[in-house]
Structure formats: C-alpha cells, structure tokens
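Since the model is a prediction, treat every value here as computed from it, not as a measurement. Only heavy atoms go into these numbers, but all of them, side chains included; no hydrogens, no water, no symmetry mates.
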Amino acid sequence: MSSGGINPIPTPVRFALAGISGCMATSTIQPIDLVKTRLQIDYTKQYRNGVHCLKEVVRSEGFFGLYSGLSAALARQLSYGMFRMALFQELMERSKGPNGENPNLTRKLLCGLTAGGLSSLIGNPTEVCLVRMTADGRLPVEQRRNYKNVVDALLRITKEEGITTLWRGCSPTIVRAMCLNMAQFGTYTQVKQILLENYNAPDNFLTHIQAATCGGVMASIASLPADNIKSQIQNMSADPKTGEMPFKSPIDCLVKSVKNNGVTSLWKGLPAYVTRISPHAILVLIIMEQLTGVYKGISNN
C-alpha cells in the first residue's frame with residue numbers, strides 16, 4: 001500500500017497477495033485469537049484474565065489446543081480477509097483525484113467501511129465456524145461439536161441446522177467489520193501519509209509499523225463492542241429444557257449484555273483484543289507491503 005494510494009498492480013494479484021498476507025498473519029496470532037474468543041463467551045467466569053485462560057487451555061487441551069479452529073481462521077482469511085484488503089485497495093485507487101491526488105481522510109474511512117461491510121457478508125460462514133471451533137474446548141464433553149476441520153464444520157452446520165445458520169450473527173459481523181476496517185485502513189493510510197509528507201519519514205519498515213500500530217489500536221477500540229455481540233450470537237445454542245435461544249436478535253443481546261453486566265462489558269477482553277488485533281494489523285499490512293514490493297521488483301525487471 002502506498003501512502004493514501006494504491007500500488008498499480010493487477011486486481012487478481014492484489015487479491016492473491018491479500019490472501020497470502022492474511023493467512024501468514026493469522027497463523028502467527030491464532031493462539032491470541034482463541035483466548036479472545038474464550039473470554040468473550042466465558043459466561044460462567046471460568047477464566048480470570050487472558051493469561052489464566054491461556055494456561056488453562058494448555059493444561060486441559062494441550063499446546064495444540066491453542067490452534068483449535070486454525071483451518072477456519074485460514075478459510076476466513078481466504079474469504080473475508082482477502083476481499084477486505086483487496087477491495088479497499090480497489091476503492092482507494094478509484095477515489096484518487098483527477099491528477100492522482102491521494103483521497104482525503106473521509107474517503108479513506110468510507111473505503112474501509114465499504115470494503116469491510118461487503119467482505120464480511122462473504123466471509124460470515126467461515127466466521128461462524130471459527131467462533132465455534134475456538135470455543136468448543138471450553139464446553140462440557142457431551143456438548144462439544146467436535147468439528148474435524150472447517151469443511152466438516154460447514155457441511156455439518158448446513159445439514160444439522162440449515163444453511164442460513166452460516167449467516168447467523170451476520171448483522172453484528174457486518175457492523176464489526178465496517179468499524180474495524182474503517183478504523184484500521186483509514187488510520188493506517190492517513191498516519192502513513194502524514195509521516196511521509198509532513199515529517200519526511202522514509203517509506204520503510206519502521207514507518208509501516210508505526211502507522212499499522214495506530215490502525216490496530218483504533219480498530220480494536222472501534223470494533224470490540226460489535227465483536228462481543230457477534231461472538232455471543234454465533235456461539236449460542238438452544239436451552240436443552242426449553243428449546244429457546246438466549247438472545248432473540250443482536251439488539252436483544254446488546255440490551256441484555258448492558259443490563260446484566262453494564263456498558264463496560266461491551267469492551268470485555270479489550271487487552272486480549274488489542275493484543276490480537278494490533279499484531280495482526282501490523283503483520284498483515286507489513287507483509288502486504290513487502291510482497292507488493294517484491295512483485296513490483298519482479299514485474300519491473
């Protein structure tokens with residue numbers, strides 16, 4: 001990604017580089033993502049904090065328990081993750097001025113918001129699988145779904161609960177993605193542009209880290225409430241006795257969460273979430289920058 005603008009590379013290549021970048025970053029931070037999800041759905045207060053959750057997962061499920069749901073996480077990056085970054089780049093390219101001027105902050109934010117919303121609609125099935133697979137280990141043995149991998153999860157959910165279940169929690173997922181991508185990409189491109197143009201910073205690794213860190217923190221704060229609601233909706237199951245779902249809708253989940261646990265509960269797991277989002281934001285953007293540089297170097301030879 002150039003400062004506020006987009007490298008002039010073919011669209012298929014953009015999608016490929018975005019997918020590779022997302023998968024590499026996700027493979028690195030998967031244990032943190034698992035802890036974040038476990039904390040969000042810890043209704044019985046099983047975990048005291050993120051460190052305690054991490055220790056308990058390793059103790060009860062083994063080290064590789066930290067990578068539960070990795071196949072779903074990678075599938076999510078090859079759907080939602082790939083589309084959000086590549087689509088953002090396409091929209092940014094089309095938002096340039098007549099003489100190639102960089103888009104202003106408002107347009108950058110709108111590009112991130114649009115890319116996030118559309119991409120989350122595409123990637124919601126893998127999101128549902130990811131939440132369920134990362135949460136499965138904390139359930140009683142008799143209640144565990146025990147999906148073998150993301151393909152098994154997709155097939156079983158469709159067969160056992162209907163295909164529409166794959167879009168359960170779609171509205172909070174879309175809201176979360178719009179908030180996250182608007183904050184992450186908008187902040188990243190704006191901060192990077194300011195560093196390059198106002199402070200004469202070099203377009204290098206250190207500048208990318210600074211801009212990506214700002215984007216990651218802003219994305220975390222903006223998207224966590226919607227992420228908490230999304231996780232609870234996607235992981236809920238009917239009461240064994242009454243057959244009723246705990247929440248009727250995302251709004252009902254929001255109201256009950258605030259009523260029962262206070263408004264601050266919407267930011268539950270913020271330290272783990274920031275720890276998860278920021279490294280991923282940094283890694284995915286830096287990897288994308290590096291891969292794009294390599295591609296341009298090869299194509300120009």
Practice prompt. Kindly determine whether R145 and E160 satisfy salt bridge (charged side-chain N to carboxylate O under 4.0 Å, His left out), including the steps that lead there.
Written response: CA-CA 11 Å; R145 299 179 174 102; E160 297 169 6; over 6 Å; no
Fill in: Full working for side chain to side chain donor-acceptor pair (under 3.5 Å) between E90 and T11
CA-CA 8 Å; E90 289 290 330; T11 297; 2.6 Å; yes
Fill in: Worked verdict on I157 versus Y147 for side-chain contact (heavy atoms from CB on, under 4.5 Å)
CA-CA 10 Å; I157 291 172; Y147 299 130; 3.5 Å; yes
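Listed by chain and number, the residues in a side chain to side chain donor-acceptor pair (under 3.5 Å) with T207 are N204 (sequence neighbours excluded). Evaluation of the side chain to side chain contact (heavy atoms under 4.5 Å, CB included) rule for L118 yields L87, T114 as partners, not counting sequence neighbours. Qualifying side chain to side chain donor-acceptor pair (under 3.5 Å) partners for S79, counting only residues two or more places apart in sequence or in other chains: T126. For the side chain to side chain donor-acceptor pair (under 3.5 Å) test, no residue two or more places apart in sequence or in another chain qualifies with S21. The side chain to side chain donor-acceptor pair (under 3.5 Å) test applied to K55 returns no partner, not counting sequence neighbours.
In this pair, F15 and F83 present their aromatic rings perpendicular. The plane angle is above 60°, beyond the 30 to 60° band.
Remark: D227 engages R176 in a salt bridge, criterion side-chain N to carboxylate O under 4.0 Å. With salt bridges taken as basic N to acidic carboxylate O contacts below 4.0 Å, one links E61 and R38.
Around CD1 of I251, the count of heavy atoms belonging to other residues, nucleotides or ligands within 6.0 Å does not exceed 12. Remark: I209 CD1 is packed, more than 12 non-hydrogen atoms of other residues, nucleotides or ligands lying under 6.0 Å away. Crowding of R48 atom CZ: a count of heavy atoms from other residues, nucleotides or ligands under 6.0 Å not exceeding 12. Other residues, nucleotides and ligands contribute over 12 non-hydrogen atoms within 6.0 Å of the CZ atom of R156. M245 CE: more than 12 foreign heavy atoms inside a 6.0 Å radius.
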Side chains of residues 63-70: which donor-acceptor partners sit under 3.5 Å, not counting sequence neighbours?
from : atom 1 : to  : atom 2 : distance (Å)
S68  : OG     : G65 : O      : 2.9

